[in-house]
K.L.:
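Okay, handing you the structure first.
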Amino acid sequence: MRQKVRGSAARPRLAVYRSLTHIYAQLIDDDAQRTLASASSLDKKDGKKDGKKSEQAAAVGQALGERAKQAGIEEAVFDRGGYKYHGRVKALAEAVRKTGVKV
């Protein structure tokens, strides 16, 4: 998957990793090999810890979208990490889109 999806400074890669209990997302500039913004369900300040996993994923997407806006990122390439675009991955992507970042 990562052979086809590549991020740059203008359009970073939104990489998603999901474990059994948590979900992690980060915006990566592959040219400079650095992370521009990140969020996870482990973050203390996101507030929404209880509820379904898809609700937690949406909270992570909202937090990542806000951090992307603060960093000046308007567009991103979505890297679902081999997971199906369904459930938690879909909830995260839609929450990022609601903040105004084109994914």
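The chain is numbered in sequence order, starting from 1. These values consider heavy atoms only, across backbone and side chains, with no hydrogens, waters or symmetry-generated copies.
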K.L.:
Looking only at non-hydrogen atoms, find the nearest pair between Val96 and Gly61 and report the distance.
P.N.:
CG2-O, 3.3 Å
K.L.:
Between Leu92 and Val16, is any pair of side-chain heavy atoms under 4.5 Å apart?
P.N.:
yes
K.L.:
Grab the two heavy atoms, one from Ala37 and one from Arg67, that are nearest each other, plus how far apart they are.
P.N.:
CB-CB, 4.2 Å
K.L.:
Taking side-chain hydrogen bond (donor to acceptor under 3.5 Å, both in side chains) as the cut-off, I'd like each qualifying pair that reaches into residues 17-27, sequence neighbours left out, listed once.
P.N.:
His22-Ser41, Gln26-Thr35
K.L.:
Measuring only between side-chain heavy atoms, which start at C-beta, is Gln62 closer than 4.5 Å to Thr99?
P.N.:
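Gln62 reaches Thr99 side chain to side chain.
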K.L.:
Would you give the length of the straight line joining atom CD1 of Ile28 to atom CD of Gln33, rounded to the nearest 0.5 angstrom?
P.N.:
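That separation rounds to 10.5 Å.
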K.L.:
Do the side chain of Glu66 and the main chain of Ala63 share a donor and acceptor less than 3.5 angstrom apart?
P.N.:
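Looks like no, no N/O pair under 3.5 Å.
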K.L.:
Which pairs, with at least one residue in residues 91-103 and sequence neighbours excluded, count as a salt bridge (charged side-chain N to carboxylate O under 4.0 Å, His left out)?
P.N.:
none
K.L.:
Applying salt bridge (charged side-chain N to carboxylate O under 4.0 Å, His left out), name anything that partners Glu74, two or more places apart in sequence or on another chain.
P.N.:
Lys69
K.L.:
Looking at every heavy atom in both Ala91 and Ala57, which two are closest together, and how far apart are they?
P.N.:
CB-CB, 4.4 Å
K.L.:
Considering residues at least two apart in sequence or located in another chain, which fulfil the side chain to side chain donor-acceptor pair (under 3.5 Å) criterion with Glu75?
P.N.:
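Applying side chain to side chain donor-acceptor pair (under 3.5 Å) to Glu75 gives none.
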K.L.:
Nearest 0.5 Å please: distance from the CG atom of Leu36 over to the CD atom of Gln70.
P.N.:
13.5 Å
K.L.:
My understanding is that only residues two or more places apart in sequence, or in another chain, count here; which of them pass side chain to side chain contact (heavy atoms under 4.5 Å, CB included) with Ala68?
P.N.:
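For Ala68 the side chain to side chain contact (heavy atoms under 4.5 Å, CB included) partners, ignoring immediate neighbours, are Leu27, Ile73, Val101.
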K.L.:
Is the number of heavy atoms from other residues, nucleotides or ligands within 6.0 Å of NZ (Lys90) greater than 12?
P.N.:
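Count not over threshold, so no.
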K.L.:
Once salt bridge (charged side-chain N to carboxylate O under 4.0 Å, His left out) is applied, what residue pairs with a partner in residues 27-41 remain, sequence neighbours excluded?
P.N.:
Arg6-Asp31, Arg13-Asp30
